[in-house]
There are 2 protein chains.
Amino acid sequence: MTQVEMARLGKVSEQVAFVAEAEGLEREIIRAGVAEGTIVLSGNLAHRGARPFGVGRGLRTKVNANVGTSTDYRKIEVELEKVDAAVAAGADSVMDLSTGGDLDAIRKLVLDRSKVMVGTVPVYQAALQAVGRRGSIVEMTVDDLFDAIEAHARDGVEFATVHCGITLEGIRLIRQEGRVADIVSRGGSFITGWMLHNGRENPLYQHYDRLLEIAHEYDMILSLGDSLRPGCLADATDRGQIHELLMLGELVERAWAAGVQVMVEGPGHVPLDQIAANIQLQKRICKGAPFYVLGPLVTDVGTGYDHITAAIGGAIAAMHGADFLCYVTPAEHLGLPSNQDVWDGVMASRIAGHAADIVKGVKGARERDLAMAQARKSIDWERQAELCLDPRKARQLRAERPSTAVQGCSMCGDFCAMKFVSEYLGAPMPAIC
Amino acid sequence: MTQVEMARLGKVSEQVAFVAEAEGLEREIIRAGVAEGTIVLSGNLAHRGARPFGVGRGLRTKVNANVGTSTDYRKIEVELEKVDAAVAAGADSVMDLSTGGDLDAIRKLVLDRSKVMVGTVPVYQAALQAVGRRGSIVEMTVDDLFDAIEAHARDGVEFATVHCGITLEGIRLIRQEGRVADIVSRGGSFITGWMLHNGRENPLYQHYDRLLEIAHEYDMILSLGDSLRPGCLADATDRGQIHELLMLGELVERAWAAGVQVMVEGPGHVPLDQIAANIQLQKRICKGAPFYVLGPLVTDVGTGYDHITAAIGGAIAAMHGADFLCYVTPAEHLGLPSNQDVWDGVMASRIAGHAADIVKGVKGARERDLAMAQARKSIDWERQAELCLDPRKARQLRAERPSTAVQGCSMCGDFCAMKFVSEYLGAPMPAIC
C-alpha cells in the first residue's frame, strides 16, 4: 500500500509518525493531509537510511538543492561533495540532474550519500540513452522513457519530475501567442522536440496510467513538471503556461484516484506582481496539491546573484502557499554551481522559506525569531549565533571584526542603541508625561 | 530659493533637468513632483562635483549604502574605499554614519570622495561631542544638536536624518504596550535617553522651525528618522511606530509649508505580510512624501545573510511604493561591513529595487529585462553580461566554469534547452495539431 492508501484507511505509517514528530504536529494532521493529497511524504523505501520528509499544507516550507554532472563536468566525487554541502546547509532534498558520465552509477551514489529525499528527472537519462543508441533525443522510444522512470523508482528515488502536462495544444498556444524565451525546462524541451519531430502527443500524457503504475508500485511521488515554465518575465503567466497547469490539475486528480502521491511544479521567471496569482491559481486548479516552485526569479538581469532574485520570489510564493522551494544558485544562467554556490543557494532559499513560515503560522517559526530578538536585546552573542540559520557564518563574520566594547559589536562600538537606551527606558517616566 | 520653491514657481532648475535626463522622463514630470513634494532632489550646492539625484514617485527606486567609522575602527581610508565600492556597485547615495575619530574631517573627505548624494545623521556628532565635553550623551545641549546639523548642511550634506517624530507620548506608548527589542535606531536611542534623563520633550520636535530654517538655507533634504523602527518582527507595526509615523506626517506638511524638501524613513524588521500595509499607511499619512526604508528585514534569524532578508523585504516595499532603499550588508547585526559586504549589500538592494521598478512601470526597467531575455534566447553571452546588474561578476563566474559546448554553458553543456527546442519550434507544427 502507498502512503496515500494507508492514510485513507486511517493508518498512521512510520513516515507519518516521523514527520509529525519533526514538524511538532499531531500525527492526525499529517495523516489527514496525506489522505486528502495536500501533503506528500517520502515513501520510497528503497532509499535506505533516508530520513522521511513531508511537503505540503501546514508544514515547514522545504528547500531542494540541485546537483549533478553535465557533459563538461563529469566528476562524480565533485557532485557528491555538493550533496554534502547541500545537506550541511540544511536542504530538505537533493535532485540529481546529472547529464554526464554513467548516470546509473551516479544516481546510486547520490542515493547512498544523501540522508535527505532524492529527486530526479528520468527523461534526461532516456534522452541521453537515445542519443547513444539511436543518435538523437527525438529517436527516444516510449519504452526508453518508461524504463528510465522505473529504474529510478527501483533505486529509491523519492520523487521524479515527469513532464506530463505539455501537449500539442500547449505547444500550439505558445506558438500562436509568441514567446521571447520559448522553452527553458530542459526535460520539457526534450519532450517538445520529440513531439514536434515525431508528430505525436506527449507519451507521458498519453500513457499516464503506465506512469501511475510505476509510481504506485514504488510509492514514488510524481512531481508534475512544468515544461512551459517561463524563462523570462515577459513569458510569465501566458496561455501556454496556464494551459499546462490545467492539464496538471487533471493529472493530479488521476494520480489521487490511483492512490499515487503527487505534487506540481511551477514558476521560473515571474514579475513580483504576478507571483500571488500564480500560487493561488495553482492551488485552486490542482485542488490543494503541494506546489514545488523554482525561484520565482523576479528579474532577468540578476545574473551572478540569482539566489537573491529567487529568494525574493520564493518568499512571496511561499507566503501565498508554495510548499517547496527549488533553490537557485549564484551560478544560475552561467554554469554548474561550486560547493560554495550550493551552500549560498540553500541558505537563500531557507531564508525565503523561513520568512514565509513565520506568516504562514508554521509551528516554531515565529518562536525562533522571538528568541533571537530576546537574545539581541540581552546582547547574548552566543545565543544569537545558535538561533540563526547559519551559526558558522555568523560566528566567523563576528570574529573577523572584533570590538573592544564590553558587550557591543564593531558597528556601533561604545554607542550601542540597545545598551544605551535600556538604562533610560528601565527607569520611571519623567513627571512631564 | 530651494528646489521646492523654484518648482512651485514653474521653474525648471538645473537639477530638475539633469534628473529628467537621467530618468528618461519629461522635465515637467520632475518639476511637478518636486513642487508637490512627491519627489526630492539633491539641492545642496555645497557638495561640489556631485551628480544630482531624484527620489520619489515615478522615479527609479534608489539605493543607499551606509559607510563610516566606529569607536573600534577609525581608519578613514578604509571607509573611503567603501565609498568607492558603494559607488562602483551602483549606489545612488552614501550615508556617512561615522562615530569614531575626527568626524568633521571624515565627513569632508566623504563628500570630496563621493560623486553621489551624501547623507548623515548629525545627532551622532552632537552626542559624541557631548560625551567629550560634558561626559555623557544626555548632557547634550539643544545648541550642540543644531550646531551639528548646521555644520553638516554647510559642508554640503544633501540629506540629514533627523529624529523629530519621537515624542514623550511615543515613548509612553512603547512602554505601555511593551517591546521585545525596545529601540534599535542609534540616533533614536540617543534622543530617547536624552528626553528621559532630562524630562523634556524631543528638541528636534520642539524646535522644528529652527531645523526648517537650516534645511531651507542650504536646501538640505530632511530625512525624518524613525526612532521607533522595529528591531525585530515582534515589534513591527506597533503603537509606538505608528504614533511616530503620525507625527512625521504632521512634520512633512510643516516642511512643505516652509519650502523645505522632506522624505520619511521607515521599516526595519517587518514580517512579510505587514510590509504592504506599512508602505500604504506611510504614503497616506505623509501625503505621498518619498519613503526611505531600511530593509525591511523579513526574519530576525538571517544573520550573515541580512542583505538577502533585506532584499526580500525591499522588493516588496518598493513594489508597494517605497522610493529609496537603505542597503543592509551581510555584516548587519555582527559588525562593520568589509568592502565586499558593501558591494554585496548594494547589489542585493539594486536587485530588489529593479524587480520593483519593473512592476512600478519605471521607464527602462521592463525593457532591460526584455533585452536580457532576447540575449538569452539568442545565446549571446557578451550581450547578457552587458545587460546584467554586475557584468564583472557574471563574466567571472562564467569564465571559472567554461564549457566545450559550442554555444551553451557548463550547466547543460550539449543539452541546452533553448538551443535544442529552437530547432523544432521553428519548424511547422505536425499535421496532427
Side-chain angles (χ1 to χ4, degrees), chain A residues 70-72 99 168 172 180-184 186 189 192-193 196 199 232-234 271-273 298-304 308 311-312 315 319 334-336 348 351 354-355 359 369-370 372-373 377 388-390 393-394 397-398 401 403 409-411 413-415 417 420-421 424 430 432-433, chain B residues 70-72 99 168 172 180-181 183-184 186 189 192-193 196 199 232-234 271-273 298-304 308 311-312 315 319 334-336 348 351 354-355 359 369-370 372-373 377 388-390 393-394 397-398 401 403 409-411 413-415 417 420-421 424-425 430 432-433:
Chain A
S70 70
T71 44
D72 293 307
T99 55
L168 288 164
R172 187 189 71 77
V180 178
D182 289 339
I183 293 180
V184 298
R186 195 157 46 166
S189 80
T192 302
L196 289 170
C232 65
L233 298 192
L272 279 171
D273 61 352
V298 296
T299 169
D300 301 332
V301 301
T303 321
I308 299 178
I312 294 170
M319 165 169 70
L334 293 166
L336 275 193
I351 288 168
H354 177 73
V359 302
D369 280 47
L370 184 59
M372 174 63 99
K377 177 64 193 155
C388 71
L389 294 177
D390 186 354
K393 183 159 187 199
L397 286 179
R398 184 164 150 76
R401 281 149 251 189
S403 173
C409 73
S410 64
M411 179 173 266
D414 297 333
F415 300 101
F420 176 76
V421 85
Y424 298 98
I432 188 175
C433 309
Chain B
S70 69
T71 44
D72 293 309
T99 55
L168 287 165
R172 187 189 70 77
V180 178
I183 294 179
V184 298
R186 199 158 42 165
S189 80
T192 302
L196 289 170
C232 65
L233 298 192
L272 279 172
D273 61 352
V298 296
T299 168
D300 301 331
V301 302
T303 321
I308 299 178
I312 294 170
M319 164 169 69
L334 294 166
L336 275 192
I351 288 168
H354 178 73
V359 303
D369 280 48
L370 184 60
M372 174 63 100
K377 176 65 193 157
C388 71
L389 294 176
D390 186 355
K393 182 157 186 197
L397 286 179
R398 185 164 150 77
R401 282 150 248 189
S403 174
C409 73
S410 64
M411 181 174 262
D414 297 333
F415 300 102
F420 176 76
V421 87
Y424 298 98
L425 276 180
I432 188 176
C433 308

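The sequence lines fix the lettering, A, B, ..., with proteins before strands; numbering per chain opens at 1.
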* Taking the side chain from A/T299 and the backbone from B/A355, do they hold a donor-acceptor pair closer than 3.5 Å? -> no

[X] versus chain A, the contacting section by heavy-atom distance below 4.5 Å:
X      : value
B/L425 : both
B/F415 : both
B/A234 : side chain

Minimum heavy-atom separation for [X] to [Y], with atom names?
X      : Y      : answer
A/V301 : B/M372 : CG1-CB, 3.8 Å
B/C409 : A/D72  : O-OD2, 4.0 Å
A/D182 : B/V421 : CB-CG1, 4.3 Å
B/A348 : A/I308 : CB-CD1, 4.0 Å
B/M411 : A/R186 : O-NH1, 3.7 Å
A/A394 : B/L334 : O-CD2, 3.5 Å

* Most chain A-contacting option - heavy-atom pairs closer than 4.5 Å, from B/C388, B/G413, B/G302, B/A311 -> B/C388

* Heavy-atom contact with chain B under 4.5 Å, split by part of A/L233 -> side chain

* Taking atom CG of A/L397 and atom CG of B/L336, what is their separation to the nearest 0.5 Å? -> 12.5 Å

